[in-house]
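Single-structure report; data block below.
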Amino acid sequence: MGAAERRKEILRVLCRRKYETISNLAEEFGVSKRTIQRDIVELSITEPIYTQSGKYIGGVYIMGNYSMDKSYLTDSEYELLHKVLTFAKTKSVCELEDKEIVILENYISKHKKPKIERKNNDESKRKKAI
């Protein structure tokens, strides 16, 4: 496992557990404490993690309810979805402005799961037989 993969896994562990000691992380990932310390320094530049000293409360923490898989709405996306929800609750017709339609289209395309094109099994079997 390379450094980038290990750091991603450390972040996943912290997201699940919210706290862990450097000793436990070093043992779990099969590296030295110093390597974990370097990983934590690198991660703390871009991720909301911090360390705390102490015999009983010392370790690595993740701030708040951070989740690395969570995506956040922009202010305009939030306002638009809130507007649509308000109209839906009152069972009213919701008329959107052109800029709101563009925001909604961008949001949908950004969060749509990509399609995986698969070859027809019969076609691939025929190619193998030839």
Would [X] and [Y] show up in the same hydrophobic cluster when neighbours are defined by side-chain heavy atoms closer than 4.5 Å?
{"X": "I101", "Y": "L104", "value": "yes"}
{"X": "I10", "Y": "Y61", "value": "no"}
{"X": "Y50", "Y": "I57", "value": "yes"}
{"X": "I108", "Y": "V102", "value": "no"}
{"X": "I103", "Y": "F87", "value": "no"}

Side chains of [X] and [Y] in contact at under 4.5 Å (non-hydrogen atoms):
{"X": "H82", "Y": "T86", "value": "yes"}
{"X": "V31", "Y": "L25", "value": "no"}
{"X": "F29", "Y": "D39", "value": "no"}
{"X": "L80", "Y": "L96", "value": "yes"}

Interatomic distance, [X] atom [atom1] to [Y] atom [atom2] [nearest 0.5 angstrom]:
{"X": "T51", "Y": "Q37", "atom1": "OG1", "atom2": "CD", "value": "9.0 Å"}
{"X": "L43", "Y": "R7", "atom1": "CG", "atom2": "CZ", "value": "6.5 Å"}
{"X": "E100", "Y": "L81", "atom1": "CD", "atom2": "CG", "value": "10.5 Å"}
{"X": "N24", "Y": "Y19", "atom1": "CG", "atom2": "OH", "value": "7.5 Å"}
{"X": "R6", "Y": "E28", "atom1": "CZ", "atom2": "CD", "value": "12.5 Å"}
{"X": "E95", "Y": "K83", "atom1": "CD", "atom2": "NZ", "value": "8.5 Å"}

Short side-chain to backbone donor-acceptor contact, Y66 and K18, under 3.5 Å =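 Answer holds: no.
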
Answer with yes or no whether the side chains of T74 and S76 bring together a donor and an acceptor at under 3.5 Å.
->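 On atom types as modelled, these side chains qualify, holding a pair under 3.5 Å.
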
So does E9 pair up with R12, basic N to acidic O under 4.0 Å?
->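 Answer for the salt bridge query: yes.
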
Over all heavy atoms of both residues, which pair between L14 and I62 is shortest? Give the atoms and the distance, please.
->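 L14 and I62 have their closest heavy atoms at O-CG2, 3.4 Å.
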
